Amino acid sequence: MLKVALEYATKNNASHITQFSVAMSAAADESEESLKFHFEHVTRGTIAEGARVDITRVPVPVKCLECGNDFEWTPELIACPKCASPRIRALPQDEFKLTSIEVE
Ligand SMILES: [Zn+2]
């Protein structure tokens, strides 16, 4: 994820990355704090050192195998809100996704 951002910045002749926006899955095990800590660690010594990290939690898309209903998963949800079937499956989703960066 960081590598993509650095490549982007290099291509655009940016000397500094000042901010990252990251979409984080609601199902990701990692906490926002630990993700920020991880960023601080991996950006040390790069042009992204000291960049701000904004994390947005995004819902997990889920599909009901019974009625085909698409909905968003929350930790409280254990069955389809439409037909009440427990046969629901989370659709593939990145745990973390870089949505934007700011450079200067
Ligand atoms: Zn259903």
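Both ligands and their constituent atoms are indexed starting at 1 by order of listing. Note that the numbering runs from 1 along the sequence shown for the chain. Predicted model, so just to flag it, every value in this text is computed and none were measured.
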Identified side chain to side chain contact (heavy atoms under 4.5 Å, CB included) partner of Tyr8 from the options Val4, Thr10, Asn12: Asn12
task: Check Phe71 against Cys80 and note the closest heavy-atom contact, atom names and distance.
output: CZ-CA, 3.9 Å
task: Could you pull out the closest heavy-atom pair between Val60 and Ala90, with the gap in Å?
output: CG1-CB, 4.0 Å
query: If you draw a 6.0 Å radius around CD1 in Ile78, do more than 12 non-hydrogen atoms from other residues or ligands fall strictly inside?
result: no
- prompt: Among protein atoms, how many N/O/S atoms lie less than 2.8 Å from the Zn ion (ligand 1)?
  reply: 4
message: With no hydrogens and no angle check, just 3.5 Å: does a side-chain donor-acceptor pair link Gln93 and Ser25?
response: yes
query: Between Glu102 and Ser100, do the side chains contain an N or O donor and an N or O acceptor separated by less than 3.5 Å?
result: no
